[in-house]
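One structure is given here, and the rest of the page talks about it.
Nothing here was measured: the structure is a model prediction, and the numbers come from that model. Letters A, B, ... are given to chains in the order of the sequence lines, protein chains preceding strands, and every chain is numbered from 1.
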There are 2 protein chains.
Amino acid sequence: MQIGELASKCGVRIDTVRYYEKQKLLVPSGRTEGGYRIYSTVALRELRFILRAKSLGFTLKEIQELLTLKIDRENQPCSSVKELAEAKLKDIEEKLAELGRMHQALTGITDACCGGEEPATACSILDALDKEDS
Amino acid sequence: MQIGELASKCGVRIDTVRYYEKQKLLVPSGRTEGGYRIYSTVALRELRFILRAKSLGFTLKEIQELLTLKIDRENQPCSSVKELAEAKLKDIEEKLAELGRMHQALTGITDACCGGEEPATACSILDALDKEDS
DNA sequence: CCTATCCCTGGAGTTAAGTCCAGGGTCAAG
DNA sequence: CTTGACCCTGGACTTAACTCCAGGGATAGG
């Protein structure tokens, strides 16, 4: 299949597929005489692999590492794969913690605000952001 | 005070202060004859306001809006401020949900992996990413 | 053959929030 | 008067992951 079909099967743009190729994530199975990229169903699986990893939060650079391990599965220990996954889990947990902290703080000061049509002269949100302490 | 003192009091770089000025978030109280920016304690409070808002997840653009409201507090309703805060809370909640989804999915497939030194030929993480379905 | 639709390459632009640099001016102390 | 610390401007660079563009070639259908 050509690049357009591959892209639409995976719901991404053609440019994205070419971008992944530039990043060495996805190589076409071949080229037509005219220079068109052609992809096999193997390439389709590979692109789906990439997209699934992306949806789990892996960056393209990390996906490259995953692919490197996958290509050489027989000679790579499971532990290498699991390490990548656990590092990513840690990343996610850190982001969750940071967002949770923000959420709690912002909820606290937002709930205290009347939100009415009266002037914001003593708005508790603005005051909280402007406070002397902390 | 000069820009260096202001920056170090707030734990940011000098360039950051100048960047905020370019973004119209923070104007120096004046200039010396030689062209040095000078800042009053009012500017110090303003910078702290900006940084506090940032720590709650507001972008600089949104902080600009907050400052616009703050400067004209008397004529702005509390509801305008609260709307910004609630929109940001919604943002944060969406990110939390997305990260939570990622965390759960990744935890699921990671827990299933042995993580041992045996070859990753049948590694459940790689298999999960490579699966036919979904 | 003509046309529409697909595809090619190389390179530039996007976003956010800085960060860094060159080349130069200012200021206070000794 | 010299030195060192500070500051100025304008502009380029960074990261991630695309996205878009110009200018052109390939291919299929009628």
Side-chain angles (χ1 to χ4, degrees), chain A residues 1-39 43 46-67 87-88 91-92 95 98-99 102, chain B residues 1-39 43 46-67 87-88 91-92 95 98-99 102:
Chain A
M1 86 194 86
Q2 301 189 160
I3 195 170
E5 189 183 344
L6 175 70
S8 74
K9 267 185 179 153
C10 290
V12 300
R13 311 216 178 205
I14 287 176
D15 281 336
T16 301
V17 176
R18 283 196 286 246
Y19 177 71
Y20 289 170
E21 179 176 347
K22 211 185 306 175
Q23 303 303 309
K24 307 203 196 298
L25 292 176
L26 182 66
V27 182
S29 320
R31 295 270 185 154
T32 67
E33 283 194 9
Y36 284 19
R37 288 168 181 83
I38 45 181
Y39 297 92
E46 279 170 0
L47 179 50
R48 288 195 170 133
F49 180 98
I50 293 167
L51 296 175
R52 253 178 235 123
K54 243 176 69 65
S55 79
L56 292 176
F58 289 97
T59 65
L60 297 188
K61 198 156 171 289
E62 290 159 349
I63 294 171
Q64 235 179 58
E65 295 180 62
L66 283 172
L67 287 169
K88 180 50 59 184
D91 277 9
I92 292 173
K95 283 186 193 146
E98 173 71 1
L99 281 173
M102 284 180 189
Chain B
M1 89 194 83
Q2 301 188 159
I3 195 169
E5 189 182 344
L6 175 70
S8 74
K9 267 182 178 155
C10 291
V12 300
R13 310 217 179 205
I14 287 177
D15 281 336
T16 301
V17 176
R18 283 196 285 245
Y19 176 71
Y20 288 171
E21 180 176 346
K22 211 184 308 176
Q23 304 303 308
K24 306 205 196 298
L25 292 176
L26 182 64
V27 182
S29 320
R31 293 271 184 152
T32 66
E33 284 193 7
Y36 284 20
R37 289 168 178 82
I38 47 182
Y39 297 93
E46 281 171 358
L47 179 51
R48 289 197 170 131
F49 179 99
I50 293 167
L51 297 175
R52 254 177 233 122
K54 243 176 69 62
S55 78
L56 292 175
F58 289 97
T59 64
L60 297 188
K61 197 156 173 290
E62 290 159 349
I63 294 171
Q64 236 180 57
E65 295 180 61
L66 283 172
L67 286 169
K88 180 49 57 182
D91 278 8
I92 293 173
K95 282 186 195 149
E98 172 71 359
L99 280 174
M102 283 180 190

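- Distances from the side chain of A/Thr16 to the nucleotides C/dA17, D/dT19, C/dC6 place D/dT19 closest.
- Of the candidate nucleotides D/dA17, D/dC7, C/dA17, D/dC7 has the atom nearest to the side chain of B/Ile3.
- Side-chain contact check for B/Arg31 versus B/Ile38: every heavy-atom pair is 4.5 Å or farther apart.
- If you measure from atom CZ of B/Arg18 to atom P of D/dC7, you get 8 Å, rounded to the nearest angstrom.
- A donor N or O paired with an acceptor N or O is not found under 3.5 Å between the base of C/dG18 and the side-chain atoms of B/Tyr20.
- With salt bridges taken as basic N to acidic carboxylate O contacts below 4.0 Å, none links B/Lys61 and B/Glu65.
- Taking the nucleotide of DNA chain C with the nearest heavy atom to each of B/Lys61 and A/Tyr39, the more 5' of the two is matched to A/Tyr39.
- The residue among A/Thr32 and A/Lys22 whose nearest nucleotide of DNA chain D lies closer to the 5′ end is A/Lys22.
- A straight line from CD1 of A/Ile14 to C1' of D/dC18 spans 14 Å, rounded to a whole angstrom.
- Between the CG atom of B/Asp91 and the C1' atom of C/dA16 there is a distance of 14 Å, rounded to whole Å.
- Between the P atom of C/dA16 and the OH atom of B/Tyr19 lies a distance of 8 Å, rounded to the nearest Å.
- Side-chain proximity of A/Arg31 to C/dC7, C/dC27, C/dT9: nearest is C/dT9.
- Taking the nucleotide of DNA chain C with the nearest heavy atom to each of B/Arg13 and B/Phe58, the more 5' of the two is matched to B/Phe58.
- The phosphate of D/dC8 (OP1 or OP2) has a side-chain N or O of B/Arg37 nearer than 4.0 angstrom.
- Remark: the backbone N or O of A/Gln23 is paired with a side-chain donor or acceptor of A/Gln64 at under 3.5 angstrom.
- Side-chain contact between B/Leu47 and B/Leu25 is absent, with no heavy-atom pair separated by less than 4.5 Å.
- Atoms CD (B/Glu62) and P (C/dA16) sit 10 Å apart, rounded to a whole Å.
- In this entry the distance linking CD of B/Glu21 with P of D/dC8 reads 9 Å, nearest Å.
- The separation between A/Glu33 atom CD and D/dA26 atom C1' is 11 Å, rounded to whole Å.
- Of the possible polar contacts, none joining the A/Lys95 side chain to the B/Leu99 backbone as a donor-acceptor pair under 3.5 Å is found.
- B/Gln2 places its CD atom 19 Å from the P atom of D/dG4, with the value rounded to the nearest Å.
- Looking at A/Tyr36, its side chain comes within 3.5 Å of the base of C/dC6 through a donor and an acceptor atom.
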